[in-house]
Structures are given as C-alpha cells and as structure tokens.
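Numbering of residues begins at 1 and proceeds along the displayed sequence. Small disclaimer: the values here were computed from a predicted structure and weren't measured.
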Amino acid sequence: MPERMKAINDYIVVDLKKTGPKKVSGLILTESNDDSNRYQKVTVISAGNLVVGIETGDVVYCDRTAGHGISWKDKLYYVIKMRDVVLVE
C-alpha cells in the first residue's frame with residue numbers, strides 16, 4: 001500500500017484488477033472488446049472518512065466511466081466517489 005496516500009470525504013482511491021481474457025460461445029473477449037459489462041472490478045487502496053461500508057483492501061465493482069486517474073510513485077490509481085460503487089465482494 002502506498003505510504004501517506006489517503007482519500008478524504010466520500011472519495012475512494014482504487015487500483016484496477018487485471019482480468020484475463022474470457023471465452024463466450026467460443027469467442028475470446030478481452031477487456032477492450034467486452035462492451036456487455038458496464039462495471040469493473042477494483043481493489044480499494046484508501047477510503048475517505050465519509051465512506052461507509054467500504055474498507056481498505058476490499059474488492060468492489062464500480063462504473064467503468066467513473067473517476068479519474070492519479071499517478072502516485074510511478075503507478076496509476078483511480079479516484080472514484082462512494083456513489084460509483086455498486087457491489088462489495
């Protein structure tokens with residue numbers, strides 16, 4: 001976990017979980033051509049003080065179009081809002 005990076009308010013810092021290609025009816029779908037799934041799986045790096053029910057290390061699903069990228073120590077993370085999370089594993 002990154003040192004000193006902490007989300008505030010209702011923001012959540014997440015790291016994308018890479019998933020391998022999957023087969024559907026004999027076709028191989030990668031993340032780039034899987035338009036049927038609106039949500040993506042991410043790992044929570046830091047949750048702000050107003051975030052309820054989500055903790056650091058949780059795996060959650062959020063809208064693909066939610067949030068913005070932020071670079072920290074040569075790694076790209078994403079910042080989303082609590083309302084963008086639809087499911088906690």
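Put simply, the side chain of Val60 reaches to within 4.5 Å of the side chain of Val44, judged on heavy atoms. For the pair Met5 and Val13, the minimum side-chain heavy-atom distance is below 4.5 Å.
Listed by chain and residue number, Arg38 satisfy the salt bridge (charged side-chain N to carboxylate O under 4.0 Å, His left out) test with Asp63 (two or more places apart in sequence, or in another chain). Under the side chain to side chain contact (heavy atoms under 4.5 Å, CB included) criterion, Asp74 pairs with no residue, sequence neighbours left out. For Asp15, the salt bridge (charged side-chain N to carboxylate O under 4.0 Å, His left out) test picks out Lys75, with sequence neighbours left out.
Between the side chain of Thr43 and the main chain of Gly57, no donor-acceptor pair closer than 3.5 Å is present.
Atom CG of residue Asp10 and atom CD1 of residue Ile54 lie 10.5 Å apart, to the nearest 0.5 angstrom. Note that OH of Tyr78 is 10.5 Å distant from SG of Cys62, once rounded to the nearest 0.5 Å. Note: Arg64 CZ to Leu16 CG = 9.0 Å, rounded to the nearest 0.5 Å. Summarising the geometry, atom NZ belonging to Lys6 is positioned 15.0 Å from atom CD1 belonging to Ile45; distances are rounded to the nearest 0.5 Å.
Trp72 and Tyr11 fall within the same hydrophobic cluster, defined by Ile, Leu, Val, Met, Phe, Trp and Tyr side-chain heavy atoms under 4.5 Å apart, directly or through other members.
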(request) Determine, step by step, whether Asn49 and Asn9 satisfy the side-chain contact (heavy atoms from CB on, under 4.5 Å) criterion, reporting the C-alpha distance in whole Å, the side-chain angles of both residues, the deciding distance to 0.1 Å, and the verdict. (result) CA-CA 5 Å; Asn49 56 313; Asn9 296 324; 4.2 Å; yes
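The environment of Ile70 atom CD1 is sparse: at most 12 non-hydrogen atoms of other residues, nucleotides or ligands sit within 6.0 angstrom.
Nearest heavy-atom pair, Ala7 versus Ala47, reported as atom, atom and distance to 0.1 Å: CB-C, 4.0 Å.
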Pair up each side-chain donor or acceptor in residues 80-89 with any protein partner under 3.5 Å, not counting sequence neighbours, and list the distances.
from  : atom 1 : to    : atom 2 : distance (Å)
Asp84 : OD2    : Lys81 : N      : 3.1
Glu89 : OE2    : Lys41 : NZ     : 3.3
Glu89 : OE2    : Tyr61 : OH     : 3.3

